[in-house]
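Below is one structure, written out as structure tokens; the observations come after it.
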Amino acid sequence: MSIRSYDVVVIGGGMSGLMAAIRLSQNGRHVALISKGDPVCCLSTGCIDVHARADNPMDGIRKLPESHPYHLVGEAQIQKAFENFIDIMFETGLPYSGNIQANRRILTPLGSAKTTCFVPCTMLHAQTQSNGYIHVVSFQGLKDFYPSYITSRLKNTGFSVFDAGVPTTIGIATRFEDRSFLQNFIAWLKTLEIPYGKIAIPAVLGIDNPVSIIEEIESELDRKVFEIPTLPPSIPGLRLFRALKGFLQAKGGDLFWGKEIASVEKLDHQIEAVTLATSGRSSRVEGKAFILATGSFISGGLFALRGNTVRETVFDLPVYLPGPRDTWFHEDFFTAGHAIEQAGIQIDASFRPRQADIENLFVCGSILAFSEVMKYGCGHGLAIATGNAAADMCTRHLP
Amino acid sequence: MIKTDVIIIGGGATGCGIARDLALRGIPHYLIEKNDFAAGATGACHGLLHSGGRYVVNDPDAASECICENRILRKIAQKCVEQTGGLFVRLPGDSKLFRDRFLKSCEEVGIPAEVISPTRALDLVPTLNPVLEEAIKVPDCSIDPFRLCMLNAVSSRNTGGGILIHHKVIDIIKEKNRCVGVKIQDQFSSQIKEIRARLIINASGAWGDIVARMGGSFVPMTLSKGSLVISNHRLTNLVINRLRPPSDGDIIVPNEAVCLAGTTSIPVSDPDTIDVDPAEVDIIASEVESMIPAFGTTRLIRAYPGVRPLLKAETDDSRAISRGFRIIDHKNGMFSILGGKLTTYRLMAEKMTDAIIAEFGLKTPCTTAEVPLEGQEELSGYPLSKRLKNLDDIICECELVTRKDVERIINNIGTKYIGDIQHRTRLGMGPCQGGFCTYRALGIMQEMGRLTPSESMEVLTAFLQRRFKGIRPALWGDQLREEQLVEYIYLGLLSMEQKT
């Protein structure tokens, strides 16, 4: 058996786990991050929704029910968490921008407007409020993108279709990493003679270097260019994930990727170690403290059984449930906020799980009870704020 | 105004069967269906071609009809029937007396029934509960009701019969107290047409009384809701029945890549407002789990209710009502055909058409038991290996439906309905239940100019609502995860209109 020891072991490689692990590294702690696979964050738009149901996210947060985990973080710490996030992203080379006091509305593949707060620089010009001309570029055979949805809904738009030779977002994004492909694309764009306005392209402009690709297109065409997020698998989500993961590694965090936790060792009121399920010899990862960031149902942090039961899948912590199964969902698909979204782990002011009697475990992200991330449109925002806060609480706890 | 000899109301198996029988006997006719083919009980059943075993103890006459029609359909509708065979399994505690009566009745009725040991049964179906006491093998089969209706309609179309789907009968035209025609409305354009005929056949199943009343009469019916659930795996290659008197959750039927399990039986009054209750899903899941334990941990991808249009009886227990059928001559130019089941649809059509022929003073004999269904050779889509031939441009990853398949259906039938594409290609029938591919299919319809973008948004909205209704009663485990993803895509990423 291989044994590794850390100050803190973070379980869950999504937004909240990555943010917590990075924050702990910034606080000078030796961190391990365990993830059973690539996170749900890779399926996301890459935008950071902080509170999408209000014009001003901070106002929205203030008006949230008392039980909402944002309140445990507190306004000042929320602001600091996002400042930290912006700094981190700047350092990774995938800068984000936005204003915590004002949401923006960006163009979706349906031509509707998605409310969000912080966006990657590739979507800086994606705001739908302006009335200027938008020329949409699509790609031959791309099955999740139909430009007519946009051009029919928005006035003053047009579209053209480019044949990239592959029909998938990842395939096209990989091609954009190739300079000759990019130059062909730019040459084709020039033939369109787009007279004015902006150019909108599905989010496939390279995987690792979108910033330089967009800059090159903009300078060659002398038009503003922005990306439209696509259905999963989504390149901006993948970029965000890869940037944060790379940043953590650069700060000295160790990754245990593709590993599931087979058993948990507990002594008195402390978690001592977890054992990872591996095909060869087993490995034991010890920590002075642990952070649980395994997400909600979609990520597998919570699992609902047929009876009226929901399990927390790593530590079997007590789970808050809003009621029996027949009350979990509204009848209407379009009414945001099904009751089941309230399910999760209840924590105290120091981000420790309630009624679990464990002193060195801290919880963050959408696994938290009452987080209701769909209802409020606050998934990544809550992950950043609570990831940061749980890491700080954990740091304080450590000797 | 159109004139014909016979108008058939209802595009389920019975209506389509009558259309084919009339076509083969050379009688001009029109079939009117307000939705798509098989939209009522025909499409909402478990797709079982009965051996008769299910009814053999309580209703030997119905069982006898079943085995006879089972043999005929295996011959004439080869491409609709998968000859799976079926098992009746006896679990510890199930009555031996019932088993003895079952075997005796099978012998009397002529249903081949072979007792096999638990070991043999487990060889045939390794997922069976190993505690079973014994099993009885019968010739149950799996049948595709939608395909069956479409093929019956082919014969009718080939001889000039009119098949109008997505047309609703809004009134029955009467002259001197006699039904002489129908007013129908195109469900897409809202345009109204009139068709006149010598006879009107009410084959509208659960809507039978509603239609009969438009013609000034009524039919005595009992409606019984039967709910079913679909698993995302084909857990068994044989139909598995519980060897006990009919009750909830006693059957699971393999169907292409999935299984259909059911059923329940609850009296209802209105066929248009039925829902599956989460408690029904629990009952079916736990009962079927006792026959096939893996069913308890398998994703259930949808639950749906069907309405059995049963003959009115004195008893309160809808399971005790005969599954036989009846033809009623309203003596006003309209006949109603009631009751019956999918397995005996052809026999029902034969008897109904015999009555029509007699009414017209003719003697042309029925040939539907001998002539194979036309159009079977053109069928694609089954088995799966056929679909694997062309993997370019897959639109529906769950069921391997390509862009070309979708474009072909749109061109062939010129449809504006997403359901028409789903039924004909299996698009959206897999584990994600159309969560991804419906948006794509609508995008293609829009590109082909069949739908305007705003129509397409309306269809997408209605589809998502309907889809959620089917999934909601069975949301736990991995299916709940999938649902959160779909919710994220449409409400989060695509920001479709939200109510708060």
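All values derive from a computational prediction rather than experimental measurement. Here is the naming used below: chain letters follow the sequence lines, and residue numbers restart at 1 for every chain.
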Could you tell me whether the side chain of A/Val310 reaches within less than 4.5 Å of the side chain of B/Trp476, counting heavy atoms only?
-> no

Going by heavy atoms in the side chains, are B/Thr452 and A/Ser152 under 4.5 Å from each other?
-> no

Heavy-atom proximity to chain A below 4.5 Å, by part of B/Ile444 = both

Which portion of A/Leu302 sits near chain B, non-hydrogen atoms under 4.5 angstrom = neither

Taking the side chain from B/Arg481 and the backbone from A/Ser296, do they hold a donor-acceptor pair closer than 3.5 Å?
-> no

Where on B/Ala285 is there a heavy atom nearer than 4.5 Å to chain A: the side chain, the backbone, both, or neither?
-> both

Considering only heavy atoms from C-beta outward, does the side chain of A/Arg306 approach that of B/Glu289 to under 4.5 Å?
-> yes

Check whether A/Phe303 gets within reach of chain B through its side chain, its backbone, both or neither, counting any heavy atom under 4.5 Å.
-> side chain

Applying a strict 4.5 Å limit to non-hydrogen atoms, the region of B/Thr461 in contact with chain A is both

May I ask you to test the A/Lys143-B/Glu397 pair for a side-chain heavy-atom distance under 4.5 Å?
-> yes

Side-chain contact test, heavy atoms from C-beta onward, threshold under 4.5 Å: evaluate it for A/Tyr146 versus B/Arg440 and give yes or no.
-> yes

Student check: side-chain heavy atoms of A/Thr151 and B/Pro453 closer than 4.5 Å | no

Do the side chains of A/Leu231 and B/Leu494 get nearer than 4.5 Å, heavy atoms only?
-> yes

Give the ring-plane orientation class for A/Tyr149 versus B/Tyr439, where under 30° counts as parallel, over 60° as perpendicular and anything between as tilted.
-> parallel

What part of A/Thr230 gets closer than 4.5 Å to chain B, counting heavy atoms only: side chain, backbone, both or neither?
-> backbone

Do the non-hydrogen side-chain atoms of B/Leu491 and A/Phe334 ever get within less than 4.5 Å of each other?
-> yes

Sort by residue number and list every member of residues 107-114 of chain A having a non-hydrogen atom under 4.5 Å from chain B.
-> A/Thr108, A/Pro109, A/Leu110, A/Ser112, A/Ala113, A/Lys114

Verify side-chain hydrogen bond (donor to acceptor under 3.5 Å, both in side chains) between A/Ser44 and B/Tyr488, making sure each step is shown before the conclusion.
-> CA-CA 9 Å; A/Ser44 78; B/Tyr488 169 75; 4.6 Å; no

Considering only heavy atoms, which portion of B/Leu475 lies under 4.5 Å from any heavy atom of chain A: side chain, backbone, both, or neither?
-> both

If you take all heavy atoms of A/Arg153 and B/Met457, which pair is closest and at what distance?
-> NH2-CE, 3.3 Å

